[in-house]
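Single-structure report; data block below.
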Amino acid sequence: MASGRVINLARFLGRAAEPAAAAQSSALQYSTVGGVAAYKLPDLPYDHSALEPVISGEIMELHHKKHHAAYVTNLNKALEEYADAESNKDLQKMISLQSAINFNGGGHINHDIFWTNLCPEKDAAPPSGELLAAIEAKWGSLEKFTATFSAKTAAVQGSGWGWLGLNKETKALEIATCANQDPLAAKGLVPLLGIDVWEHAYYLQYKNVRPDYLKAIWKVVNWENVAQRYKAAKA
Amino acid sequence: MARKISYMNLFVIVAAAASALLACSAQAQIQQVALPYALDALEPEIDNATMNFHYGTHYATYVNNTLAALKNATDSGVRLPVATSNLTALISSIKRLPSPLNTTIRNQGGGAWNHALYFKHLTPPGSPATQSTAISAPLRDAINANFGSVDNMTAALSAAAGKVFGSGWAWLCYTGNSSADLAITTTPNQDNPLMGQLPGAPAVSAVGCTPILGIDVWEHAYYLKHGPKRPAYLEAFWKVLNWQQVSKNYDSAVQGLELDLSEAAPRALEAPSKAVSAGSSSSGSAGFGAMAAAAAALLALV
């Protein structure tokens with residue numbers, strides 16, 4: 001039976017991650033149905049074809065309406081089962097549901113960020129102000145940053161993500177990679193910019209040439225969004 | 001018939017055979033397994049485009065990267081505990097390889113091994129080898145003993161393959177455990193149960209077992225045709241699985257032999273003139289030719 005409580009996704013993402021993760025997951029849209037949080041698939045801030053020719057409309061539709069949608073559906077299902085298990089005091093069941101919540105919750109968080117990190121090429125502008133200064137201070141130039149980011153992200157084995165994150169403690173920018181849908185927050189970094197390198201993110205268009213995808217995607221990065229996240233993270 | 005062979009003649013023949021053997025093994029190196037079927041022959045179950053990329057690019061890249069890493073290591077004077085031509089030995093010995101070679105062999109060598117097994121046990125749909133009647137008696141007995149029936153086993157393996165999160169493989173493995181000698185397990189990325197339990201990797205059930213059947217569930221294995229619908233790919237997979245090859249794999253594993261991941265059986269025994277070969281095998285066959293000549297010379301004297 002539904003417990004009447006809203007489940008904070010951050011609980012599942014590791015103690016160290018709680019403050020950052022809580023901030024992130026509270027930004028996810030959800031509605032309460034029967035007292036249990038039901039997360040919602042967000043709309044894209046642009047049409048599926050708006051990122052062409054960098055990312056095809058076909059990829060965007062599958063990625064958003066199939067892959068991300070499945071994460072949301074499966075997350076809600078796992079959370080509902082978790083709520084039942086919890087009210088039945090079935091600890092074994094609760095434990096067995098952890099990985100489904102991690103996978104699907106992480107998938108939902110990551111893609112929720114990803115769609116906002118991108119914008120049509122015509123609307124994209126390079127970073128400026130404090131964010132640019134911080135990038136240049138750390139990597140020397142925007143070009144060196146993107147080259148380093150692309151190289152590290154291309155090297156991800158199998159499925160995963162490349163991230164620009166803010167270290168909450170040192171207030172420094174860092175590049176990190178995560179496997180599968182592991183949330184960046186688990187590494188103590190606030191996600192600012194994420195690039196999905198699961199094959200479904202690029203394969204239909206770029207086939208196995210992940211470096212080409214990583215080179216092209218910079219044309220559709222929404223630096224304004226990244227700057228907003230940077231500002232919020234430093235606060 | 002000459003009954004007396006001078007020791008000199010004998011010495012020459014033996015020396016020729018020995019040097020041919022040496023030449024053969026010195027030139028042997030890891031290469032892609034040659035396919036006894038054309039890249040479009042698995043249609044409609046596995047599409048031509050996927051085979052082109054999967055075999056011609058992904059698999060080829062794993063092999064090339066493995067060779068490059070091994071060459072780099074040997075050129076730098078790194079001493080390896082196993083022969084660089086033996087891919088199975090390399091991936092089984094990952095824990096004994098120095099860093100960073102161990103990581104490269106895990107990811108690239110694992111990719112080379114896994115795809116060798118995979119492509120070698122596929123065959124055109126509708127061919128006799130895809131029928132369950134092609135399962136050898138010993139393998140059938142083992143499947144029945146461990147899973148109840150072939151259908152139970154394939155259902156369980158498909159379920160395991162469906163549950164892999166991210167990139168990885170689902171395996172039917174020979175465990176060597178007489179009370180339960182087959183097991184189903186999964187590994188992430190290009191890991192393989194033969195690598196053992198690697199630090200930082202999720203726990204592998206039946207770790208150390210020998211895969212005899214592998215299902216690739218990296219998205220590149222199915223995305224072009226099926227998009228995100230992995231179950232549709234899994235259904236098609238069983239229609240192109242070569243049970244004869246799986247039976248041979250089981251047989252080798254039971255005997256403690258390494259699986260034969262080298263050249264496919266001689267062309268004369270397999271069908272098509274359309275058979276695709278990748279990777280140079282000319283040095284290998286020159287060696288075999290010399291060996292054959294030496295053997296013939298020896299026989300002619302008897």
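The chains referred to below are lettered A, B, ... by the order of the sequence lines, with proteins before strands, and numbering in each begins at 1. Because only heavy atoms are used, hydrogens play no part in the values below, and waters and symmetry mates are left out as well, while side chains stay in.
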Less than 4.5 Å to any heavy atom of chain B: does that hold for the side chain of A:Gln181, its backbone, both, or neither?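 It is both, since atoms from each part get that close.
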Between A:His67 and chain B, which part of the residue has a heavy atom less than 4.5 Å away: side chain, backbone, both or neither?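 Side chain only.
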What are the two closest heavy atoms between B:Thr50 and B:Lys225, and how far apart are they?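 What the structure gives for the nearest pair is OG1-N, 4.5 Å.
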Of all the heavy-atom pairs spanning B:Cys173 and B:Pro193, show the shortest one and how long it is.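 The pair with the smallest heavy-atom distance is SG-CG, 3.9 Å.
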Report the option among A:Ala70, A:Ser99, A:Gly158 that has the most heavy-atom pairs separated by less than 4.5 Å from atoms of chain B.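 Most heavy-atom pairs within the cutoff with chain B belong to A:Gly158.
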Given B:Tyr55, B:Tyr62, B:Trp218, the one that forms ring pair (Phe, Tyr, Trp, His ring centres under 6.0 Å) with B:His115: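 So the option named by the test is B:Tyr62.
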Option among A:His63, A:His108, A:His111 that satisfies the side-chain hydrogen bond (donor to acceptor under 3.5 Å, both in side chains) test with A:His68: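 Considering A:His63, A:His108, A:His111, a side-chain hydrogen bond (donor to acceptor under 3.5 Å, both in side chains) with A:His68 is found only for A:His108.
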